[in-house]
Number of protein chains: 2
Amino acid sequence: MSAIPVLRPVSLDRLRTACSNCGLKELCLPVGLTPDEMARIDSLIGTRRTLKKGAHLYRSGEPFEALHAIRTGFFKTTVLLEDGRDQVTGFQMSGELLGLDGIGSEKHTCDAMALEDSEVCVIPYASLETLSREVHTLQHHFHKVLSREIVRDHGVMMLLGSMRAEERLAAFLVNLSQRFTSRGYSPSEFYLRMTREEIGSYLGLKLETVSRVFSRFQDEGTIAVQQKHIRIIDIPRLKQLIGQRPC
Amino acid sequence: MSAIPVLRPVSLDRLRTACSNCGLKELCLPVGLTPDEMARIDSLIGTRRTLKKGAHLYRSGEPFEALHAIRTGFFKTTVLLEDGRDQVTGFQMSGELLGLDGIGSEKHTCDAMALEDSEVCVIPYASLETLSREVHTLQHHFHKVLSREIVRDHGVMMLLGSMRAEERLAAFLVNLSQRFTSRGYSPSEFYLRMTREEIGSYLGLKLETVSRVFSRFQDEGTIAVQQKHIRIIDIPRLKQLIGQRPC
DNA sequence: CGGGGCGCTTGATCCAGGTCAACGGGTTCC
DNA sequence: GGAACCCGTTGACCTGGATCAAGCGCCCCG
């Protein structure tokens, strides 16, 4: 890396929003970039946006212009049918990208709502395409992010199409646990940011069923639930439930 | 477009596999390219591959090296759980791309099987990344293809998570009808390439339920079924069924 | 600090779709 | 061309999760 650094005036705001200073860079879009490449992608982030709990980041039908990387907070995305029925398609946490669904039609195709006070980085999509033509690593990683979203969706399809209620909830908890772990939080103890109804919508179950299965898990000593506070006591048991050998 | 054409020796085989000669170019990856750009992407297609009905194009776990564009034929993709349960994640027809799920992990994450004798174009993935850095239109379109796959998956999640059996089958038939139409076939009359069991797996239903709902549709005069031959009599009725709650 | 409402739990009952079983027609492969 | 098998249909019955209903507790807001 023998590039000669070019000194340019840098605003404080630019520094504040820079990917190179971000604690999530190993989780987010800049994964695997050299310091040199990192400097170039710093220019990607236009602005930051903060959202109060319950606020929409975007809604279905709005023009798509930018992706959003979650810096802090927690989101849900939902699609809806004309008759009012809706379905949660995912829960997103820090370091994850929102808005990939909008690229295809240049319009958002789902709603994204903050489930707690949150902050996101705005990544203008046109800039991302331009920069990813120049920085191969970025291009490659962006494709991977898109592809992994497809694989994740296949997992949800599997879950919705061929698992029973207990298995779905077990898979859901194990998934949350793993994602919290990779963010440095406890694998076994966390607060759910979403309601039973939202969990049910995501898993194709009614809220009563979610509640009942949680209670059953608790009776069996697999987890301890108190409202939104979850403590997983027996992770291997949960993994075993979803047909995975407990590692 | 004032590029000076460069004459190069072109093998017959190259000509045969060229995108620019392909009847599907308006449906497949080269959508919207100028003749100039089209000439460049002709080099993308490495080879063609033919598959007998029942043959696997790839299997889960195999290293991912190339995408596959379907030239003729019909495929299904399935994911499977350790315990043997599997789930059909999609049915693909001519002009559609197979293998997008493999980019993220550099391994295939599902099985792709030909449901009739088929032919695919092999698109080495490394070449596609390289070329899409040079041809913006290709890059942009490829991103759209990835994004649309995500949106399609959201649709399936909606279907699996909040629709009843009749609605799922109606949505399935309408979707097939539209895709056949855009390929120049009849919107109302076609052969199903998949079994009742495969349809059921895709829709999260058992094969008996699929059969029963088809029979019910037939009794109501909405469709005419005879084994794999389907004739849709009342498309508006099917569309009306989608997104309507009985109560 | 007290009231109201939302979110959660739990019980009773119902029903869509699953399961089991029998059969018949079509396709495929010797 | 015939046998075996897969595939599809249909009936009878069962059940997991939905629906309906009631009550409770936590949290927010005034």
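Chain A is the first sequence line, chain B the second, and so forth, proteins listed ahead of strands; every chain is numbered from 1.
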In whole Å, I'd like the distance from the [atom1] atom of [X] to the [atom2] atom of [N].
| X | N | atom1 | atom2 | value |
| --- | --- | --- | --- | --- |
| B/Arg168 | C/dG18 | CZ | C1' | 13 Å |
| A/His229 | D/dC27 | NE2 | P | 12 Å |
| B/Gln226 | C/dG25 | CD | C1' | 11 Å |
| A/Glu197 | D/dA18 | CD | P | 13 Å |
| B/Tyr191 | D/dC7 | OH | C1' | 16 Å |
| A/Phe214 | C/dG7 | CZ | P | 16 Å |
| A/Phe217 | C/dC8 | CZ | C1' | 17 Å |
| B/Leu207 | C/dG18 | CG | P | 10 Å |

Any base atoms under 4.0 Å from [X], or only sugar-phosphate, or nothing? Heavy atoms, all strands.
| X | result |
| --- | --- |
| A/Gly204 | sugar-phosphate |
| B/Leu205 | sugar-phosphate |
| B/Gly200 | nothing |

Under 3.5 Å, is there a donor-acceptor pair between the B/Asp86 and B/Thr78 side chains?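 No, no side-chain donor-acceptor pair sits under 3.5 Å.
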Pairing donors with acceptors under 3.5 angstrom, does anything connect the side chains of A/Asp101 and A/Thr109?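 There is such a pair (donor and acceptor under 3.5 Å, judged by atom type) between the side chains of A/Asp101 and A/Thr109.
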Using rotation axes that map the C1' atoms of four end pairs onto the next four (five pairs an end), what angle separates the end axes of the helix from C/dC1-D/dG30 to C/dC30-D/dG1, to 10°?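 Here the helix ends are tilted 60° relative to one another.
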Nearest nucleotide by nearest heavy atom, which residue falls closer to the 5' end of DNA chain D, A/Glu208 or A/Arg164?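 Its nearest nucleotide lies further toward 5', so the answer is A/Arg164.
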On DNA chain D, nearest-nucleotide positions of A/Gln227 versus A/Thr209: which is more 5'?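 That would be A/Thr209.
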Ignoring the backbone of [X], work out which of [options] is nearest its side chain.
| X | options | value |
| --- | --- | --- |
| A/Lys206 | D/dC26, C/dG18, D/dT19 | D/dT19 |
| B/Ser215 | D/dT10, D/dT19, C/dC8 | D/dT10 |
| B/Ala165 | C/dT10, C/dG17, D/dT9 | C/dG17 |
| B/Arg212 | C/dT19, C/dT28, C/dG7 | C/dT19 |
| A/Ser211 | C/dT10, C/dG17, D/dC7 | C/dT10 |

Main-chain N/O of B/Ala112 paired with B/Thr77 side-chain donor or acceptor, under 3.5 Å: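 Side chain of B/Thr77 to backbone of B/Ala112: no pair is present.
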Please find out if less than 6.0 Å separates the ring center of A/Phe91 from that of A/Phe75.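 For A/Phe91 and A/Phe75, the ring centres are not under 6.0 Å apart.
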is_close_aromatic(B/Tyr125, B/Phe64), centroid dist under 6.0 Å: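 Yes, close enough.
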Which residue pairs satisfy the side-chain hydrogen bond (donor to acceptor under 3.5 Å, both in side chains) criterion with at least one member in residues 161-173 of chain A, sequence neighbours excluded?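 Of all non-adjacent pairs touching residues 161-173 of chain A, those that pass side-chain hydrogen bond (donor to acceptor under 3.5 Å, both in side chains) are A/Ser162-B/Gln87, A/Glu166-A/Arg216, A/Glu167-B/Arg85.
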Quick check: on DNA chain C, is the nucleotide nearest B/Lys53 upstream (toward 5') of the one nearest B/Arg216, or the reverse? Name the residue that is more 5'.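 Closer to the 5' end of DNA chain C: B/Arg216.
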Does any donor-acceptor pair link the side chain of B/Arg196 with the base of D/dT10 at a separation under 3.5 Å?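 Under the 3.5 Å cut-off, the side chain and the base do not form any donor-acceptor pair.
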Starting at CG of B/Leu115, measure out to CG of B/Leu192 and round the result to the nearest 0.5 Å.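 Separation between the atoms: 11.0 Å.
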Is the number of heavy atoms from other residues, nucleotides or ligands under 6.0 Å of B/Glu197 CD greater than 12?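 Not buried by this count: 12 neighbours or fewer within 6.0 Å.
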Side-chain N or O of A/Lys228 less than 4.0 angstrom from OP1 or OP2 on C/dC8?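 Yes, such a contact exists.
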